[in-house]
Amino acid sequence: MQLTTALAIANGYAPNSEELGKLSDILDPDLIDEAFDKAGVGTVRKRRLPLDMVLWSIIGMALYRNTSVWDIVGQMNIMLPGRRALVAPSAIPQARQRLGEHAVQSVFEHTQAIWNEQAEHPTWHGLRLLGVDGVVWRTPDSNENQQAFKKSSNQFGEQYPQVRMVCQMELTSHLLTGSQFDCASTNEMVLAEGLIESTANHSLTLFDRGFYSLGLLHKWQNTGVERHWLIPMRKGTQYKVLRKIGRHQKLIELTTTPQSRKKYPNLPETMQARMLTRTIDGKERTILTSMVDPLRYPSEDIVELYEQRWEIELGYREMKQVLLQNHYTLRSKRPEMIRQELWGILLAYNIIRYQMVKMASKIKGIYPNQLSFTSCATAIINWLYTASLNSAGNIPKTLEHLQEIAEHYVLPIRRTERVYPREVRSKPQKYARKKCQSALN
């Protein structure tokens with residue numbers, strides 16, 4: 001049985017309900033159709049690679065990093081029946097161009113909204129916990145990528161085109177809720193501003209120190225209902241103490257700059273924030289937050305809460321090291337295909353994370369981020385790889401089995417006392433260094 005048949009999304013090809021099984025639990029065909037309609041993408045001509053199957057090939061590019069796209073299409077068996085067993089290799093890039101980047105983006109945005117609503121995330125004092133941070137992706141050094149993304153150098157002097165991405169993540173499940181990306185020269189705060197509209201109400205977003213901008217934080221707080229923020233205070237920040245709230249907390253007033261008010265017309269000359277200070281390992285740490293009510297949001301909980309910001313860093317590590325298997329350079333040679341590939345990576349990551357949400361729901365007192373992503377991803381990816389070889393009747397049993405064995409994927413309790421300072425590791429040398437003759441003498 002083909003995966004095309006099981007998913008029932010191949011341009012009018014519709015098997016009966018007894019054959020369908022529950023593959024729609026992975027990625028509902030109706031969600032794909034709705035997202036395609038929203039993006040204005042459709043196809044009248046019946047092809048061996050319909051656009052919804054092309055979407056699966058793009059997801060497969062993220063799931064099977066060491067496999068060529070042509071082999072992914074053949075081995076996942078996502079083609080409609082034809083005279084030949086396989087499609088021509090040239091048909092795949094043509095199909096990707098027909099699909100475009102906005103259709104994959106639309107599927108990601110549509111599915112994340114539904115999956116995050118269905119996940120029933122735990123809250124902190126009535127607020128959903130979100131994290132925002134940036135990451136950089138390396139692209140192939142083609143002429144088109146150089147013009148679109150520009151070249152940038154790192155500490156080792158290497159130069160290659162890069163894409164800067166800023167994502168928003170629900171921290172208890174690691175489900176991504178939004179993403180913005182552009183060339184590496186784009187400021188992260190500019191990209192983060194594009195996430196404001198999609199941010200959930202009654203939420204708390206944890207930022208890194210690099211996102212400190214009063215204009216951004218004020219707009220974030222005043223768009224929607226109860227959209228709070230938490231961020232470390234930048235060194236040298238000028239403020240005025242309005243009153244002391246407790247032993248290590250104050251209500252302060254921050255003065256905005258004329259440049260910020262020009263960029264953000266609704267930004268006032270001053271804005272209030274709550275400052276909390278705590279000594280950790282002999283070093284004083286200060287954070288700012290929009291949660292100024294000390295009764296509703298106790299200070300002890302807030303300071304410890306900032307440690308959760310590292311969950312999004314773990315998410316980036318899972319994408320780069322587990323999904324892409326440390327292959328940091330993307331595959332595509334053209335900018336629009338690079339963007340399509342990135343949306344495919346985010347969608348593939350969310351597919352795995354949503355299944356982990358369902359697996360964690362079977363274990364009392366366990367959050368999805370307490371399951372091993374490597375083990376769960378391996379099980380889910382292997383199942384997807386062999387799904388086309390199984391009968392539809394076995395599919396519900398396989399999904400149910402994955403959820404039943406979820407307890408074996410629970411990670412040990414994290415050791416919070418292990419804290420290491422940041423450091424730059426030396427780059428491994430390909431060849432041995434040649435010793436100078438004078439040193440030998």
Side-chain angles (χ1 to χ4, degrees), residues 101 105 108-109 112-113 116 127-137 149-150 152 162-235 237 254 256-257 259-268 271 273 287-291 305-317 319-320 338-339 342-343 345-347 349-350:
E101 59 180 281
Q105 176 185 358
F108 166 79
E109 293 175 346
Q112 72 80 17
N116 275 286
L127 303 176
R128 286 177 57 182
L129 293 180
L130 305 175
V132 169
D133 205 355
V135 67
V136 174
W137 300 89
F149 304 120
K150 311 300 180 184
S152 58
Q162 291 181 320
V163 179
R164 187 177 303 281
M165 174 187 287
V166 171
C167 291
Q168 186 180 62
M169 173 185 286
E170 202 286 325
L171 298 180
T172 63
S173 67
H174 285 203
L175 272 173
L176 298 172
T177 63
S179 180
Q180 297 284 324
F181 47 86
D182 206 335
C183 64
S185 60
T186 305
N187 191 288
E188 286 184 338
M189 287 184 284
V190 174
L191 297 175
E193 191 174 347
L195 300 172
I196 295 178
E197 293 297 330
S198 60
T199 301
N201 292 328
H202 307 288
S203 62
L204 170 61
T205 303
L206 280 61
F207 289 97
D208 183 65
R209 193 188 309 271
F211 289 88
Y212 184 86
S213 166
L214 295 183
L216 173 65
L217 298 176
H218 179 268
K219 186 175 181 180
W220 200 284
Q221 178 181 353
N222 289 275
T223 303
V225 181
E226 281 197 314
R227 298 186 183 181
H228 292 289
W229 49 264
L230 181 70
I231 191 171
M233 188 171 73
R234 182 176 293 179
K235 186 177 180 179
T237 300
L254 301 166
T256 61
T257 63
Q259 294 83 356
S260 298
R261 294 194 295 272
K262 184 177 180 181
K263 183 177 180 181
Y264 300 93
N266 296 326
L267 181 64
M271 58 180 291
I287 59 175
L288 301 177
T289 180
S290 60
M291 300 180 293
L305 184 66
Y306 187 72
E307 297 177 359
Q308 301 300 316
R309 191 198 69 81
W310 290 100
E311 295 295 332
I312 191 170
E313 299 278 7
L314 297 177
Y316 287 143
R317 186 182 70 180
M319 278 186 267
K320 286 194 169 185
I338 284 288
R339 290 187 284 266
L342 285 173
W343 286 117
I345 292 173
L346 299 179
L347 177 58
Y349 180 76
N350 261 9

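- When side chains are defined from C-beta on, Y264 does not count as touching T256, because their heavy atoms never get closer than 4.5 Å.
- Rounding to the nearest 0.5 Å gives a distance of 11.0 Å between CG of L206 and CD of E307.
- Paired with F207 under the rule ring pair (Phe, Tyr, Trp, His ring centres under 6.0 Å), one option of Y306, Y212, W220 passes, and it is W220.
- There is a side-chain donor-acceptor pair under 3.5 Å between Q168 and T177.
- Pairing each heavy atom of L267 with each of G215, the nearest pair is CD2-CA, 3.9 Å.
- Applying the ring pair (Phe, Tyr, Trp, His ring centres under 6.0 Å) test to H228 and every residue at least two apart in sequence or in another chain returns Y297.
- Taking each heavy atom of A273 and L254 in turn, the nearest pair found is CB-CD1, 4.2 Å.
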Test side-chain contact (heavy atoms from CB on, under 4.5 Å) on L130 and E170; report intermediate values, then the result. CA-CA 5 Å; L130 305 175; E170 202 286 325; 4.2 Å; yes
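- Considering only heavy atoms from C-beta on, F211 stays 4.5 Å or farther from L217 through its side chain.
- Evaluation of the ring pair (Phe, Tyr, Trp, His ring centres under 6.0 Å) rule for W343 yields F108, F181 as partners, not counting sequence neighbours.
- Residues I312 and D208 fail the side-chain proximity criterion, which asks for heavy atoms closer than 4.5 Å.
- Under 4.0 Å is where a charged nitrogen must lie from a carboxylate oxygen, and between E193 and K219 at least one such pair does.
- Using a 4.5 Å heavy-atom threshold, the side chains of L176 and M319 count as touching.
- Applying the salt bridge (Lys or Arg N to Asp or Glu O under 4.0 Å) test to residues at least two apart or on different chains, the pairs with a partner in residues 176-191 are R164-E188.
- One distance of note links OG of S213 with CD1 of I231; it measures 8.5 Å at 0.5 Å rounding.
- Side-chain contact between H174 and L314 is present, with at least one heavy-atom pair separated by less than 4.5 Å.
- Listed for the R227 side chain is a donor-acceptor partner under 3.5 Å among the backbone atoms of T199.
- The nearest pair of heavy atoms linking G224 to N201 is CA-OD1, 3.4 Å.
- When every heavy atom of M169 is checked against every heavy atom of E311, the shortest pair comes out as SD-O, 3.9 Å.
- With 3.5 Å as the limit, one finds a donor-acceptor pair spanning the side chains of E109 and Q105.
- Put simply, the side chain of V166 reaches to within 4.5 Å of the side chain of V132, judged on heavy atoms.
- For the pair L346 and M165, the minimum side-chain heavy-atom distance is below 4.5 Å.
- Looking at V225 and H202, their side chains come closer than 4.5 Å, going by heavy atoms from C-beta outward.
- Nearest heavy atom pair, residue P268 against residue H218, reads CD-NE2, 3.4 Å.
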